Every structure is written in structure tokens, then in C-alpha cells.
Amino acid sequence: LSEISERCHPNLAAEFSHSRDDGRGRGDVALPGSEVSHFSPTDQEVSPSAKGKTGRTARWLLRSDGLRGYALMSPTLIILIIGVIVPFIILLTISFWTRDGVDFNTTPAMTNYSRAVNEPMFGLLLARTFWMSGMATVATILICYPMAYFVAFHVHQNKMLWLILITLPFWISYLLRVFAWKVILGYEGAINSTLMWARWIEAPLEFLLYSPTAVIITLTHAWAAFAILPMYVSLEKIDKSLLVAATDLGDGPVARFFRITLPLSMPGVIAASFLIFIPTTGDYITPALLGGPDGMMIGNLIQAQFGGVNNWPMGATLAIILMLWIAAIAVVFLYLARFAKARIT
Amino acid sequence: MSGMTFLKRPNRALSVYAVLFLVALYAPILLIPLFSFNDSIYVRFPMEGFTTRWFAELWGREPVWQSLWASGKVGVAVAIVSTALGVLAARSITRYRVPGQGAVVTFIMMPLVIPTIIFGVALLALLSRSGVPLSLYTVGLGHLIVCLPFSVATLLPRFEGFDRSLEQASADLGENGWWTFWRITFPLVLPGIVASFLLTFTISFDEFIVSFFLSGNETTLPVYIWTQLRFPQQFPSILALATLIILFSLPLILISMSISRLGLAQDATGEAKT
């Protein structure tokens with residue numbers, strides 16, 4: 001980082017000082033006017049008129065840092081309340097309704113929840129979802145850890161270039177990346193057609209597309225770019241003198257890695273797992289395009305309830321159940337993170 | 001110290017792994033432009049010659065233009081609103097001692113870790129219950145929720161990074177709050193604003209799940225692509241369309257990334273000087 005900033009230093013510094021000069025120039029012009037206006041260095045943001053008119057409490061309210069902070073933040077918070085809190089309350093309400101022909105019966109009932117618990121299909125689908133997300137998470141971590149390690153310890157120049165190269169694909173449309181895998185794994189796709197062209201196989205390999213494997217491969221590829229960052233950050237933070245000390249005290253490279261590097265980078269590994277596992281449990285695109293009947297996840301069932309099946313209450317129930325599981329898993333991850341941190345400090 | 005040398009020693013195996021990793025990361029994506037020039041309705045090896053007819057065919061398709069226009073409109077609107085709200089939030093978080101600040105930041109960042117499909121259905125439930133017809137506006141609202149955490153995350157380091165004394169100097173010279181913001185704060189955080197705008201535009205432009213649930217008669221480009229993916233004979237022209245989208249969005253992302261990194265580097269040098 002410091003290397004990049006140094007290289008950028010000359011022109012940026014010039015730009016910086018230029019804008020400051022500019023500011024001072026304009027400030028000079030504005031100065032005469034400011035002598036007229038109320039001059040108060042400590043409380044600049046309360047306008048003079050507001051001060052004159054309002055009483056003591058109002059003035060206190062205006063001065064209160066917290067309230068002014070919230071006032072400034074209120075548009076953002078209101079949008080988020082309308083867009084997150086209210087929809088969740090409605091989703092929760094709907095989850096207690098039942099389908100009644102084409103319409104909904106709005107008398108609260110636990111019907112959907114008892115169905116979700118008692119019918120094995122729902123539990124199995126949820127278990128399969130977590131299994132597939134878990135596999136994708138483990139695969140991503142195993143594949144990305146060496147890469148994060150490489151950038152943190154063995155790249156000495158152009159670190160930022162490497163990081164940009166790695167994370168860039170993450171910003172390409174998710175739909176298009178999944179589509180690319182459909183092109184690769186398809187019945188007549190890149191892999192099958194190449195193998196048949198080379199006469200290594202007689203008929204296309206059918207397990208490639210429309211299987212849980214296809215979903216796991218695609219999810220791993222899609223999230224690899226994202227998983228590296230937290231692991232890189234925690235690897236980069238490791239104090240190199242600890243490694244030197246371990247070597248001086250007789251540790252070989254393997255012992256050094258398992259006794260120092262790995263434990264110290266565990267917070268990053270846990271954060272990365274969390275960031276992959278949670279969003280993939282709710283994925284819809286990948287299983288829909290590549291999963292086939294055996295590779296469907298809970299997201300596909302939720303979509304079906306809101307779409308073709310037209311049983312919104314059941315869909316809402318499944319969404320709430322998924323949310324509850326995610327919350328529970330998040331708590332586990334938080335405890336793991338705290339444990340990993342406590343071990344190394 | 002002799003022990004330090006092992007840290008500098010290049011690791012051949014790891015370097016090879018890094019190169020393979022990058023190849024595996026980029027190869028699937030590069031197949032899209034590769035096959036978009038393939039002169040065959042089948043997406044398979046061996047390829048059958050060079051053509052630009054898939055691009056030409058795309059040019060004449062009315063729905064492509066309509067959904068492109070819709071995506072552009074939604075993207076620009078979402079980028080503007082999301083960045084503006086992000087500026088307000090980031091300013092408020094860094095400038096004031098707000099009680100419960102940690103909780104507020106967590107709340108704003110929450111959409112990052114909740115699966116988008118849950119937002120999609122929850123917003124759909126809200127809109128249909130309150131009788132709001134689905135349109136590009138509802139798509140925009142959904143995108144806004146998805147984009148806001150990214151705006152705040154891009155802008156927060158900018159607001160945290162700059163020298164508070166500049167604002168105080170401006171106030172001491174008699175500027176009121178708005179002028180101080182406009183003349184001092186705004187130019188200093190401008191790189192963050194540009195980065196946030198480009199990033200949220202790209203996210204909105206590529207977003208599929210929320211658009212899928214919340215769009216009415218007018219659809220966005222990803223939803224149009226989705227409807228075409230059911231037909232294998234459409235694959236070549238979708239590959240051409242995907243090529244154009246990737247070519248268009250990569251520069252935006254690169255600019256956005258380099259602006260925000262440069263901005264932070266600038267702060268680092270600024271701190272080093274003082």
C-alpha cells in the first residue's frame with residue numbers, strides 16, 4: 001500500500017495543494033461577508049436565525065450531537081425501515097396465513113409451520129441446501145487460502161494489482177457467470193464437446209450438468225474472488241517477527257505454519273466462511289440453471305411458492321424459517337470468531 | 001538477521017498455484033466473448049469459424065433495446081439516490097457522536113449478509129399488500145436496499161480519512177455549515193462519491209433476483225436474459241449480449257476501484273506529511 005501511495009504521491013500531492021489554494025482563494029472573497037454574519041467558532045452549524053427564535057430546549061435539541069446525527073441520517077434510515085423492517089413484519093404476518101383456494105385466509109394459524117416441520121420434504125431440502133452451501137464454502141476456503149497466503153507473504157510489489165485482478169470477476173454480473181458455467185458443463189458444452197472431440201469419451205458425461213456437483217462448482221467459482229479479501233487482511237496483519245522467532249527457536253516451515261500463521265489467520269477464515277455460506281444458502285440462480293431436480297435449494301422452493309404454486313403464506317413461512325436458521329448460524333459464527341480472537345490475543 | 005531471509009525467498013510451487021488460480025478464475029468468463037464470435041448455433045468445441053452475426057442480430061431486437069433502456073434508467077436513478085443517502089449516513093456516522101452508532105451501522109450493512117431472495121419476496125409481499133403496482137419504480141426501491149450498504153462502505157473510509165481541521169478552519173473563517181460542506185467536505189470526499197456512483201450503478205445494472213420479483217411489464221436487461229436462457233437456440237445471441245455487458249461494466253468497476261484506492265492512498269500520504 002505504502003508503495004502505491006508513494007508512486008502516486010507527486011501528482012496527488014500537487015492536486016491536493018492546488019485544491020487547498022483554491023479553497024483559500026475563495027475563502028478570502030467570502031471573508032468580508034462573514035463579518036456581518038453571526039461569528040461563532042464552536043457552534044457553526046446552528047444558523048443565527050434558529051438561535052434567535054427558539055427557546056432553550058430547542059437550542060439544546062439542535063446542539064445535541066446525537067439528534068443532529070440522527071436527523072442527518074434519517075432519510076437513509078427511513079428508506080431502510082420501509083425497505084427492510086416493514087417488509088419483514090409483513091412477511092412474518094403472511095407466514096401465519098393459509099391458502100384458501102386462490103385467496104388467502106388471514107386468520108393466524110400455525111398450519112404452514114407445522115407442515116414445514118412435519119413434512120420431511122422441507123427438512124430434507126433445507127438440509128441439502130446447507131450441505132451444498134457448506135461444501136461450496138469449504139471448497140472456496142481451501143482453494144482461496146493459499147492464494148491469500150501468496151499475496152500476503154510472497155507478493156512484494158504490485159500487491160494492489162493482484163488484489164484487483166482477483167476481485168474483479170466478482171463484480172461481473174452473477175447471472176452471466178452462472179451462464180458461463182452452463183456453457184462449460186452443458187450436455188453439449190465446452191467440457192463434453194472437447195472430450196468427445198478428443199475421442200476420450202463416447203457419449204457426453206451427464207453428471208456434469210443438472211447435479212449438486214455442478215451447483216457446488218459454480219458457487220465456489222462465483223465466491224472465490226470475494227473470499228480472498230478477509231483472509232488476505234488477517235494474513236497481512238500477522239507480525240513477521242513472530243515467524244522469525246519461531247524459526248530461531250527451531251520450528252520448520254510446517255510447524256511454523258500450523259503453530260503461528262494458521263491460528264493467527266483464523267479470524268479471516270471464519271469471516272470468509274460466513275460471507276460465503278450465508279448468501280449461498282439463499283441462492284436461486286445457480287440451482288435453477290444448473291441444479292436439475294436433485295440440485296434444487298430452498299430458494300427455488302420459496303420462489304415457486306410465490307410464483308407458479310401461488311401459495312404465498314407457505315413461501316413466507318419458508319423464508320422466515322431460512323432467516324431464523326441464518327440468524328442461528330450467524331450467532332455460531334460470531335462465537336467462533338470471538339473464540340478464535342481470544343485464542344490469539 | 002538471518003532468520004528474515006525465508007520470508008523473502010520465492011516459493012515456486014505457490015507462484016505456479018497463483019497463476020493456475022487466476023486462469024481458473026478467468027477462463028470460464030472468457031469463454032463468453034470467445035463463443036460469441038463462433039459461427040455456429042451450438043456452443044461447443046471445435047469452434048466453426050469467426051462471425052459477428054450474433055451481434056448484428058442483437059442490434060435489430062426491440063426487447064433488448066427496451067430492457068437496456070429500462071436498466072439504464074433504473075441504474076442511474078438508484079446510483080444517484082443510493083450515493084446521496086450514503087453521503088448523509090457516512091457524514092452523520094463520522095461527524096456526530098450518535099448513540100447506538102454500532103447498531104445503526106450494523107443495520108445499514110445488514111442487507112449484505114441476508115440472501116437477496118428474502119428481500120425480493122419480502123418487498124413483493126409489502127408492495128402487493130399495500131396495492132402498489134409493480135413497475136420500474138419498485139425495482140428501483142429493491143435495488144436501493146441492495147446498493148445502500150455498498151455506498152456507505154465505499155464512502156465511510158473517505159469521510160473518516162480527511163483532516164477535520166480543514167472544516168474547522170473553514171468555520172473559523174466564517175463559512176456556515178452548508179458552505180463548509182460544499183467547499184471543503186464535498187471536494188475531499190468526491191472520489192468516494194464517484195466510486196460509490198459507479199459501483200452502485202453496476203450492481204443495479206447486473207441485479208437479477210430483486211428485479212425478477214419486483215418488475216412489472218417493463219423488465220430490466222438481466223430479467224430479459226433470464227427469459228431467453230430457456231431456449232438453447234438463443235445462446236449465441238445471449239453470449240453476444242453478455243460480451244457487450246462485460247465489456248461495458250469492467251471499465252466502470254476498474255475506475256471505481258482505482259478511484260477509491262487512490263483516494264485512500266492520498267490520505268495516507270497526507271497523514272504522513274503532517
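Chain letters run A, B, ... following the sequence lines, proteins first and then strands; every chain starts at 1. None of the values given here were measured: they were computed from a predicted structure.
Between chain A and the residues B/Leu148, B/Leu241, B/Thr180, B/Thr202, the most heavy-atom pairs under 4.5 angstrom are made by B/Leu148. Heavy-atom pairs under 4.5 Å with chain B peak, among A/Pro169, A/Ala71, A/Ala316, at A/Pro169. Here B/Leu199 is the residue among B/Leu31, B/Ile93, B/Ile203, B/Leu199 with the most heavy-atom pairs under 4.5 Å with chain A. By number of non-hydrogen pairs under 4.5 angstrom with chain B, the leading residue of A/Thr281, A/Leu289, A/Leu275, A/Asp283 is A/Leu289. Ranked by heavy-atom pairs under 4.5 Å with chain B, the list A/Phe274, A/Trp312, A/Phe88, A/Tyr149 is led by A/Trp312. Ranking B/Leu25, B/Leu239, B/Leu30 against chain A, the residue ahead of the rest is B/Leu25, based on heavy-atom pairs under 4.5 Å. Looking only at heavy-atom pairs under 4.5 Å with chain A, the residue among B/Ala18, B/Ser249, B/Ala242 that has the most is B/Ala18. Between chain B and the options A/Leu80, A/Ile278, A/Thr194, A/Ile90, the largest number of non-hydrogen pairs under 4.5 Å is found for A/Leu80.
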Donor-acceptor pairs are to be reported for all side-chain atoms of residues 104-129 of chain B against protein atoms at under 3.5 Å, with residues two or more places apart or in another chain.
| unit_1 | atom_1 | unit_2 | atom_2 | d |
| --- | --- | --- | --- | --- |
| B/Thr106 | OG1 | B/Gly102 | O | 2.7 |
| B/Ser128 | OG | B/Leu124 | O | 3.2 |
| B/Ser128 | OG | B/Ala125 | O | 3.3 |

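Here B/Phe235 and A/Phe179 bring their ring centres to under 6.0 angstrom of each other. A distance below 6.0 Å separates the ring centres of B/Trp226 and A/Tyr284.
The closest donor-acceptor contact from the side chain of A/Thr76 to the backbone of B/Leu85 lies under 3.5 Å.
Contact annotation for B/Phe248: neither backbone nor side-chain heavy atoms come within less than 4.5 Å of a heavy atom of chain A. Residue contact with chain B, scored on non-hydrogen atoms closer than 4.5 Å, is absent for A/Gln305. Neither the backbone nor the side chain of B/Ala27 comes within less than 4.5 Å of any heavy atom in chain A. Proximity to chain B is limited to the side chain of A/Phe104, based on heavy atoms less than 4.5 angstrom apart. Contact of B/Phe181 with chain A is not made at all, since no heavy-atom distance falls under 4.5 Å. Contact annotation for B/Ile209: only side-chain heavy atoms (C-beta onward) come within less than 4.5 Å of a heavy atom of chain A. Neither the backbone nor the side chain of A/Leu92 comes within contact range of chain B; no heavy atom of the residue lies under 4.5 Å from a heavy atom of that chain. With a 4.5 angstrom heavy-atom cutoff, A/Tyr174 does not touch chain B via any of its atoms. The part of A/Ile228 that comes within reach of chain B is its side chain, from C-beta onward, which places non-hydrogen atoms under 4.5 angstrom from that chain. Heavy-atom distances place no part of A/Ile320 under 4.5 Å from chain B, backbone and side chain included. Interface remark: A/Ile79 contributes backbone and side-chain atoms alike to the contact with chain B (heavy atom separation under 4.5 Å). In this structure, chain A has heavy atoms under 4.5 Å from both the backbone and the side chain of B/Leu14. Contact annotation for A/Ile326: only side-chain heavy atoms (C-beta onward) come within less than 4.5 Å of a heavy atom of chain B.
Looking at B/Ser15 and A/Phe150, their side chains come closer than 4.5 Å, going by heavy atoms from C-beta outward. Within the 4.5 Å cutoff, the side chain of B/Asp206 has no heavy atoms near those of the A/Ile172 side chain. Using a 4.5 Å cut-off on side-chain heavy atoms (C-beta onward), A/Trp162 and B/Leu22 make contact. Using a 4.5 Å heavy-atom threshold, the side chains of A/Trp171 and B/Leu252 count as separate. Side-chain atoms of A/Pro146 and B/Phe21, non-hydrogen and from C-beta on, never get closer than 4.5 Å to each other. Side-chain contact between A/Trp181 and B/Pro28: present, with at least one pair of heavy atoms (C-beta onward) separated by less than 4.5 Å. Side-chain contact between B/Tyr26 and A/Leu165: present, with at least one pair of heavy atoms (C-beta onward) separated by less than 4.5 Å.
Judged as a side-chain hydrogen bond (donor to acceptor under 3.5 Å, both in side chains), and not counting sequence neighbours, B/Thr94 has no contacts.
The two residues B/Tyr17 and A/Met147 come nearest to each other via the heavy atoms CE2-N, 4.0 Å. For the residue pair A/Gly69 and B/Ser92, the shortest heavy atom distance occurs at O-OG, 2.8 Å. Nearest heavy atoms, B/Pro222 versus A/Leu175: O-CD2, 3.3 Å.
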Problem - Test side-chain contact (heavy atoms from CB on, under 4.5 Å) applied to B/Ile29 and A/His221, step by step - result: CA-CA 10 Å; B/Ile29 300 160; A/His221 176 256; 4.3 Å; yes

Handout entry: From CA spacing to verdict: side-chain contact (heavy atoms from CB on, under 4.5 Å), A/Lys182, B/Leu229
Key = CA-CA 10 Å; A/Lys182 198 179 170 81; B/Leu229 285 184; 5.7 Å; no

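To the nearest 0.5 angstrom, B/Arg91 atom CZ is 12.0 Å from A/Met73 atom CE.
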